[in-house]
There are 2 protein chains.
Amino acid sequence: LLLLDCGEGTQMQLRKSAYRFQRISHIFISHLHGDHYFGLIGLLNTFHLLGRSQQLNLYGIPPLIDLINLQLDLSRTTLAYPLVFHPFETEIPSVIVDDGEITVSTIPLNHRVPTCGFLISEKPEKRKIVKEFLAKAKVPIHYFDRIKSGEDFTNEDGKVFPNREITEDPPLVRSYAYCTDTAYHEPIIPIIKNCNLLYHEATFMEDKAADAHAKFHSTAREAAVIAMKAGAKQLLIGHYSARYKDLDHLLDEARKVFPNTLLGQDGMMIEV
Amino acid sequence: LLLLDCGEGTQMQLRKSAYRFQRISHIFISHLHGDHYFGLIGLLNTFHLLGRSQQLNLYGIPPLIDLINLQLDLSRTTLAYPLVFHPFETEIPSVIVDDGEITVSTIPLNHRVPTCGFLISEKPEKRKIVKEFLAKAKVPIHYFDRIKSGEDFTNEDGKVFPNREITEDPPLVRSYAYCTDTAYHEPIIPIIKNCNLLYHEATFMEDKAADAHAKFHSTAREAAVIAMKAGAKQLLIGHYSARYKDLDHLLDEARKVFPNTLLGQDGMMIEV
């Protein structure tokens, strides 16, 4: 399980969820505003008190680990499990996780402090060899991986079978882009291109566009424009200003630009 | 309003309470274990976001303010209100608040890290001049304060009226002693002597006395012994280990030694 950001009370919310929160193996902190990380030290401590032994991987900007270590030192706590910190820079996108099944990349955002979103992508599988061909042609086993990687096949008689005729496309890979907090920022578009699900903050509506820009936040319409330009399949908005009591107005504003928009809410589960 | 300690999620709990939490003017942090202060930075930020302007007084050991300042710096936040930090030492008891109506004093405790409890006491009012005497005797106005402060009164004829005959005792002052976290620690007894309400931690029961001592915590029985020896009028226990599902066992253990014991629970309100 991956956890993206960790505001105050996250551990209480996790306890209400269907997931065993001890299975979280990676935590990513987008930036050091309180609503994105004040719950981290508490969660790390709770893992410790529950006797966790598995490694926890933490990703954030360099000062994050200083803050964690200071708090652990002040309470004279030595964590019972390995906490491995992976610092990242917020200026250029980079791959910070590649475990063979998924990659996680940073998405530099435009906020008041150094901030990155995260793109979680499945890694493409290799091509599939057509079953009927395998049954007919005598393909040596050592050739399988070469064909799956895209090579043509030449049999004992010198006959060439073009790869595209003897293989099928692998299953499509899925990706989730998490972009918060940020002003409207077109440089993220090529990074999140064609993602299956885009979470994009929508702190304000267009009536408060000036506030949004001044505070390096986005409007619901701007989130939708990014989703449309990036060719996202679905948009999830969130991070609403407390001024909006009826969130359907934000949803309506976004849907006018990008119809397949969902209103992010506490405890929501979405299958990608 | 005074707030004693501030664990993660305190601001959420405060929002559920009957009190306007913006009225909190003093926050006291007993020690730097997470369950006593991880919610502080979030509460300070929320006051800022809500546009607080009144001064907030914060009391704790010196490193607390470094931690707060580091987190404010990282989020580039300049608080909208004056936050005044009052550091205290944990070795000797001292008066840290004296506002004319109440005093707050530290109570050095015996825990794994530097820790103080807090004693909140009303200041005694002056003595009251007996109404019938005032009606009879011609007491010059400038003499009132001297009589209230305990002086005898001598009238124009040279007749002396002893103070104890012309005044009454002022109303009794009330005090609340908050002692957490701590091992059984008799040096606190003279400090909390005769308090109206004693909150004393009771992390364990006597069956786990060895654990309690090893971890610098108390048992329910030990809390009750302190209450009895200090002549407290009422004992409130709390800070229970998660191992105890039925807290009535802790209450029973304490009541065997000190019958007027209450079981501290979330959201409880007690009139002193």
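In what follows, every chain begins at residue 1, and chains take the letters A, B, ... in the order their sequences are listed. For the numbers below, each heavy atom of this structure counts, side chains included, while hydrogens, waters and symmetry mates do not.
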Q: Take atom CG of A:Asp266 as the centre, draw a 6.0 Å sphere, and report whether it contains more than 12 heavy atoms from other residues, nucleotides or ligands.
A: no
Q | Distance, nearest 0.5 Å, that separates OH of B:Tyr37 from CD1 of A:Ile41 | A | 6.5 Å
Q: Answer yes or no: does atom CD of A:Glu89 have more than 12 heavy-atom neighbours from other residues, nucleotides or ligands under 6.0 Å?
A: no
Q | Closest non-hydrogen atom pair, A:Pro63 against B:Leu74 | A | CB-CD2, 3.5 Å
Q) Would you say A:Met268 has more than 12 foreign heavy atoms packed within less than 6.0 Å of its CE? A) yes
Q | Structural part of B:Thr10 lying under 4.5 Å from a heavy atom of chain A | A | backbone
Q: Among the options B:His33, B:Arg112, B:Arg76, pick out the one with the most heavy-atom pairs lying under 4.5 Å from chain A.
A: B:Arg76
Q: Specify the closest pair of heavy atoms between B:Glu8 and A:Met12, including all atoms of both residues, with the distance to one decimal.
A: O-CE, 3.3 Å
Q. CG of B:Asp35 to CG of A:Leu49: how many Å apart, nearest 0.5 Å?
A. 8.5 Å
